[in-house]
There are 2 protein chains.
Amino acid sequence: MGDSAHGTENLRVVNLKQLSELLGLSQTTISRALNGYPEVNAQTRLRVLKAVQETGYRPNRAARRLATGKAGSIGLIMPIASEQSADIHFAEFQRGLADECLAHEFHFVIMPSQPDEEEQAIRGLVSSGSVDAYYLAYMRERDSRIAMAKSLPTPFIVHGRSLGLAEDYPYVDVDNERAFREATEFLLDLGHRRFALINGPADLDFAIRRRMGIEQALATRGLTLEDHAVSNTLMTDASGYRQMARILDSDVRPTAVLCASTVLALGAVRAISQAGKVLGRDISLIAHDDDLMLLKPENFIVPLTTTGSSLRDAGRRIAERLIAAVADPDAPALLGELWTADLIVRASTGPAPT
Amino acid sequence: MGDSAHGTENLRVVNLKQLSELLGLSQTTISRALNGYPEVNAQTRLRVLKAVQETGYRPNRAARRLATGKAGSIGLIMPIASEQSADIHFAEFQRGLADECLAHEFHFVIMPSQPDEEEQAIRGLVSSGSVDAYYLAYMRERDSRIAMAKSLPTPFIVHGRSLGLAEDYPYVDVDNERAFREATEFLLDLGHRRFALINGPADLDFAIRRRMGIEQALATRGLTLEDHAVSNTLMTDASGYRQMARILDSDVRPTAVLCASTVLALGAVRAISQAGKVLGRDISLIAHDDDLMLLKPENFIVPLTTTGSSLRDAGRRIAERLIAAVADPDAPALLGELWTADLIVRASTGPAPT
DNA sequence: TCTTTCCCTCAAAGCGCTTTGAAAGCCTTT
DNA sequence: AAAGGCTTTCAAAGCGCTTTGAGGGAAAGA
């Protein structure tokens, strides 16, 4: 098939022993040379580095893990409810994780899991020593995973929080409550009085907090958010459409709708225009924007007013903290980190129709 | 803090030695009991299983890897061009991978990499023994990664193919050429004569083949696809919008547009309606649909005619083949697998306007 | 010249598992 | 009662690396 264009034409994957024989050096010296220990002659180190280049030698990760206790990887559980599909939010987060991992020569290990087997999956990942640290996401109320994680010796960070539990665990979260409270206040100031919420799955912490935020803002004006004005669904275009259609169909039609994701908003907006209504005039909408490159709120036909916070940045930050915790296990554990989402006003919000 | 609700309250992660001391059995026997060897007394095996339950013991994966040579994981490179973001297509594929991995107790290891360092990244993953097998994607023309992969002893599968190379490597691909040829023929039969293509990145194999498919169909009617009628961009909503706007603006406006993804179509459709044109009447559009749950072609205001093929199924199939190759390295290596995309006619296509 | 010091290199142990080859125990069979 | 055949268990080696503690050689000091 022709020779490779590359210098390295080695079928065999070399190991340290072979390399040491090749160089006439002990395995110790080579290991030291590669790991930057000072007690190696500069000449020798150069020889070693050259040989590594030529042979394509890479330390076996499993062996290194066994010897050092460090795997150079962080773990995550990929939630796999059979009805739900690839989640762009998960992907965007992963992208941030990847950015940071790349910079530190970490990789990440993904363990798919059914929602009801997540604890098992974490245990598996951790006690099998596959990862040095891991992150927990898709938190529910009083989530039992947190207690479990704390009982395990491996560092972890929660993405999000868990209502009903003391916040004595490391986390990175967006202040969803505040974001939706402020968004609601903004709409109240525009004169809106009838609200609806197209929310994520009902059991997830972020969904609960978003609802709470709205309710708090409404309460200050003596208003309430009725159950039938709230829907909990998967974050897909189709769900957004369906829920908005339902809202538009209701007896006392809400004039202001909050939406847990731009993906949901996509369908919601479609329903609105199909009903012949004008977004920002007949009905106002604010969506939470996770800064998905795929779908920018400013590119909607009527640019969307949003509460914005970058999921990718969150991924990056979580990887950063995780990797730091692995590098220095004795470092003082910093705990919660609450990010503020920005309310960005665009054209999808306007005065309440009279 | 309260006691855990769970039976397992072990901070320490136990290992085989501790377990053997606990049970008064040798490590050998326990290992055999757990790995299903026949020469273990049924009673003894029960005792072992019970102890494993209670202690939460999991074999250390690194140690097992070292002893057996199998890591129980498959690897993938996550492309990280700084300008590009989380790719929903990558996520959807991953989801299929996950389904299959879960069934076989595999996990997958993701190594993020800049596009120009992918070969390095693969080498790293493979020669460090982090994975038992891996998959290659985002193939380019005459992609050098294939030769490299073949020179390495680790099983791999290519998702897609690489033009200009003999197809003597294992792959799973959709027949993009045929899909777009047939889609074009369908449009030709509707009377369309001026075509445009909103394509993926120009260097990717699938993008090249899709263009070829169109050109083939056009050639049979003595037509050609001009360079300026083709655009190559990232697969985002915003790109789709921009490109369609450009198309609508051109002197001799095309009446039929093919689109490499429903994500691109999303923006494209917006541009069309914003221009006051009616999809399926003033302009016809066919998009390739990777079966993203996020975005269903049948849910567009004007349901989209598509060429469809499930990315998730591809992921599942690739994991299946990879895992099989790991389980039995001597099995006859089956090579290419070419899937056919289905043309599904909906409302976004109609007779060419006269 | 002999000792001390420093620099460089090495042999060996150990990380936690699987697996080979041997041995112990218990029945059958002769 | 001894020999042979099962079944069940075990000790030890080895996977490829890092790391400890020690040793050899050269330069410096006595």
Side-chain angles (χ1 to χ4, degrees), chain A residues 12-49 51-52 55-73 105 124 126-132 153-154, chain B residues 12-49 51-52 55-73 105 124 126-132 153-154:
Chain A
R12 284 252 51 64
V13 171
V14 278
N15 61 24
L16 186 54
K17 189 176 172 195
Q18 292 161 355
L19 198 63
S20 82
E21 282 162 4
L22 183 71
L23 284 168
L25 287 171
S26 78
Q27 302 185 25
T28 311
T29 304
I30 298 178
S31 174
R32 293 217 150 128
L34 291 178
N35 293 323
Y37 284 68
E39 60 267 78
V40 179
N41 187 307
Q43 293 245 354
T44 311
R45 174 161 300 163
L46 243 53
R47 265 185 70 210
V48 171
L49 255 32
V52 166
T55 57
Y57 167 77
R58 307 272 178 150
N60 180 301
R61 218 141 175 155
R64 171 178 266 173
R65 163 80 178 92
L66 214 48
T68 63
K70 301 261 157 277
S73 62
E105 294 206 302
V126 168
S127 50
S128 71
S130 305
V131 300
D132 299 325
T154 306
Chain B
R12 286 252 50 65
V13 171
V14 279
N15 63 23
L16 186 54
K17 189 176 171 194
Q18 292 160 356
L19 198 62
S20 83
E21 282 162 4
L22 182 72
L23 284 168
L25 286 172
S26 78
Q27 302 186 24
T28 311
T29 305
I30 299 179
S31 174
R32 293 219 152 126
L34 292 177
N35 292 323
Y37 284 68
E39 59 267 80
V40 179
N41 186 305
Q43 293 244 355
T44 311
R45 173 162 300 164
L46 243 53
R47 266 184 69 212
V48 170
L49 255 32
V52 166
T55 57
Y57 167 77
R58 309 271 179 149
N60 181 301
R61 219 143 173 152
R64 172 178 266 173
R65 163 80 178 93
L66 214 48
T68 63
K70 302 262 158 274
S73 62
E105 295 205 300
V126 167
S127 50
S128 70
S130 306
V131 300
D132 298 325
T154 307

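The basis for the numbers below is simple: all heavy atoms, side chains too, and nothing from hydrogens, waters or symmetry mates. Convention: sequence-line order gives letters A, B, ...; per-chain numbering from 1.
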Filtered N/O pairs between nucleotides 12-17 of chain D and protein, under 3.5 Å:
| unit_1 | atom_1 | unit_2 | atom_2 | d |
| --- | --- | --- | --- | --- |
| D:dC15 | O2 | B:L66 | O | 3.4 |
| D:dC15 | O2 | B:A67 | N | 3.4 |
| D:dG16 | N2 | A:A63 | O | 3.3 |
| D:dC17 | OP1 | A:Y57 | OH | 3.0 |
| D:dC17 | OP1 | A:N60 | N | 3.1 |
| D:dC17 | OP2 | A:L16 | N | 2.3 |

Rounded to whole angstroms, how far apart are [atom1] on [X] and [atom2] on [N]?
{"X": "A:R61", "N": "D:dT18", "atom1": "CZ", "atom2": "P", "value": "12 Å"}
{"X": "B:I30", "N": "C:dT18", "atom1": "CD1", "atom2": "P", "value": "11 Å"}
{"X": "B:E39", "N": "C:dT18", "atom1": "CD", "atom2": "P", "value": "14 Å"}
{"X": "B:L19", "N": "C:dT18", "atom1": "CG", "atom2": "C1'", "value": "15 Å"}
{"X": "B:L23", "N": "D:dT8", "atom1": "CG", "atom2": "P", "value": "17 Å"}

Can any side-chain N or O of [X] pair as donor or acceptor with the backbone N or O of [Y] at less than 3.5 Å?
{"X": "A:S127", "Y": "B:V14", "value": "no"}
{"X": "B:R65", "Y": "B:G129", "value": "yes"}
{"X": "A:S73", "Y": "A:S130", "value": "yes"}
{"X": "B:R61", "Y": "B:G72", "value": "yes"}
{"X": "B:S31", "Y": "B:Q27", "value": "no"}

For this session: Look at A:S26 and C:dC10 and indicate whether a side-chain polar atom (N or O) is within less than 4.0 Å of OP1 or OP2.
Result: yes
Exercise. Are any of B:Y37's side-chain N or O atoms less than 4.0 Å away from OP1 or OP2 of D:dT8?
Worked result: no
Give each protein N/O atom lying under 3.5 Å from an N/O atom of nucleotides 5-7 of chain D, with the pair distance.
none

Exercise. Quick one: are A:L66 and B:N60 in side-chain contact, heavy atoms under 4.5 Å?
Worked result: yes
For this session: Show your working on side-chain contact (heavy atoms from CB on, under 4.5 Å) between B:Q18 and B:N15 and close with a plain yes or no.
Result: CA-CA 6 Å; B:Q18 292 160 356; B:N15 63 23; 3.3 Å; yes
Exercise. Are more than 12 heavy atoms from other residues, nucleotides or ligands located less than 6.0 Å from atom CD of A:E21?
Worked result: yes
